[in-house]
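Below: the structure, in structure tokens.
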Amino acid sequence: MSMMPVNNDTFEKEVLGDDTFKMMFIGAEWCGHCKAMRPGVMEFSAENPEIKLCYADADESAELAEKFGITSIPTTLVFKDKKEVLRKVGALSKQDLGEIVKNYR
């Protein structure tokens with residue numbers, strides 16, 4: 001599974017629509033750290049197809065970024081039982097993502 005794009009209109013359904021564990025990355029096309037993080041996220045996604053990974057562009061979904069108080073990108077939000085349970089700011093490695101799943105899933 002690749003990252004599912006979400007925006008202001010689809011966030012509620014795609015991220016909070018059920019109680020399953022989800023990770024959402026908020027970034028932007030111009031962000032170098034976001035681009036650097038993408039290969040690891042895609043590899044993680046391929047190795048963990050049961051985990052729903054979502055991506056929101058902070059510029060295209062400014063309302064969503066504002067709702068979560070995003071002031072720096074990339075930001076990774078982890079949701080479980082329809083609630084944010086973890087927030088990490090900055091680029092994360094594939095190993096970092098694995099640790100998050102291990103600790104919060």
Side-chain angles (χ1 to χ4, degrees):
M1 171 184 277
S2 61
M3 285 192 289
M4 172 172 285
V6 296
N7 59 37
N8 300 328
D9 298 327
T10 62
F11 170 79
E12 291 288 328
K13 178 183 179 232
E14 296 300 336
V15 179
L16 300 181
D18 59 51
D19 291 341
T20 61
F21 177 89
K22 295 176 192 81
M23 298 174 105
M24 183 170 82
F25 307 96
I26 300 176
E29 288 300 315
W30 52 264
C31 171
H33 292 290
C34 301
K35 288 179 184 178
M37 185 175 156
R38 191 170 186 89
V41 171
M42 299 310 284
E43 193 173 316
F44 177 83
S45 177
E47 294 172 4
N48 298 277
E50 73 284 2
I51 298 173
K52 187 170 185 178
L53 304 177
C54 302
Y55 175 78
D57 186 290
D59 294 329
E60 294 175 6
S61 299
E63 183 180 307
L64 189 57
E66 185 177 322
K67 174 181 179 173
F68 284 98
I70 303 301
T71 58
S72 185
I73 55 175
T75 294
T76 303
L77 304 174
V78 177
F79 294 88
K80 186 173 182 179
D81 299 326
K82 299 183 182 184
K83 294 181 219 142
E84 180 184 335
V85 295
L86 180 69
R87 176 181 297 228
K88 292 278 193 177
V89 177
L92 300 175
S93 68
K94 183 176 100 169
Q95 291 76 22
D96 294 332
L97 299 176
E99 284 298 312
I100 289 170
V101 170
K102 182 176 156 185
N103 293 322
Y104 287 90
R105 191 162 173 209

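For this chain, numbers begin at 1 and follow the sequence in order. What you see below is based on every heavy atom in this structure, not just the backbone, and it leaves out hydrogens, waters and symmetry mates. Worth saying up front: this structure is predicted, and the values here are computed from it rather than measured.
- Checked for salt-bridge contact, Glu99 and Lys88 miss the test: no charged N lies under 4.0 Å from a carboxylate O.
- A salt bridge is defined here as a Lys NZ or Arg NE, NH1 or NH2 lying under 4.0 Å from an Asp or Glu carboxylate O, and Glu14 with Lys22 fails to meet this definition.
- Residues satisfying the ring-ring contact (aromatic ring centres under 6.0 Å, His included) criterion with Tyr104, sequence neighbours excluded, are absent altogether.
- Distance check: Met37 CE to Leu92 CG gives 4.5 Å after rounding to the nearest 0.5 Å.
- At distances below 3.5 Å, at least one donor-acceptor pair connects side-chain atoms of Lys35 with backbone N or O atoms of Glu29.
- Evaluation of the salt bridge (charged side-chain N to carboxylate O under 4.0 Å, His left out) test over residues 64-74, restricted to residues two or more places apart or in two chains, returns Glu12-Lys67.
- Between the Asp18 side chain and the Thr20 main chain, a donor and an acceptor come within less than 3.5 Å of each other.
- The environment of Glu47 atom CD is dense: over 12 non-hydrogen atoms of other residues, nucleotides or ligands sit within 6.0 angstrom.
- Residues passing the side-chain hydrogen bond (donor to acceptor under 3.5 Å, both in side chains) test with Asp19, sequence neighbours excluded: none.
- Between the side chain of Arg87 and the backbone N or O of Phe68 there is at least one donor-acceptor pair closer than 3.5 Å.
- Note: Ile100 CD1 to Thr76 OG1 = 6.0 Å, rounded to the nearest 0.5 Å.
- Without hydrogens or angle criteria, Asp57 side chain to Glu60 main chain gives a donor-acceptor distance under 3.5 Å.
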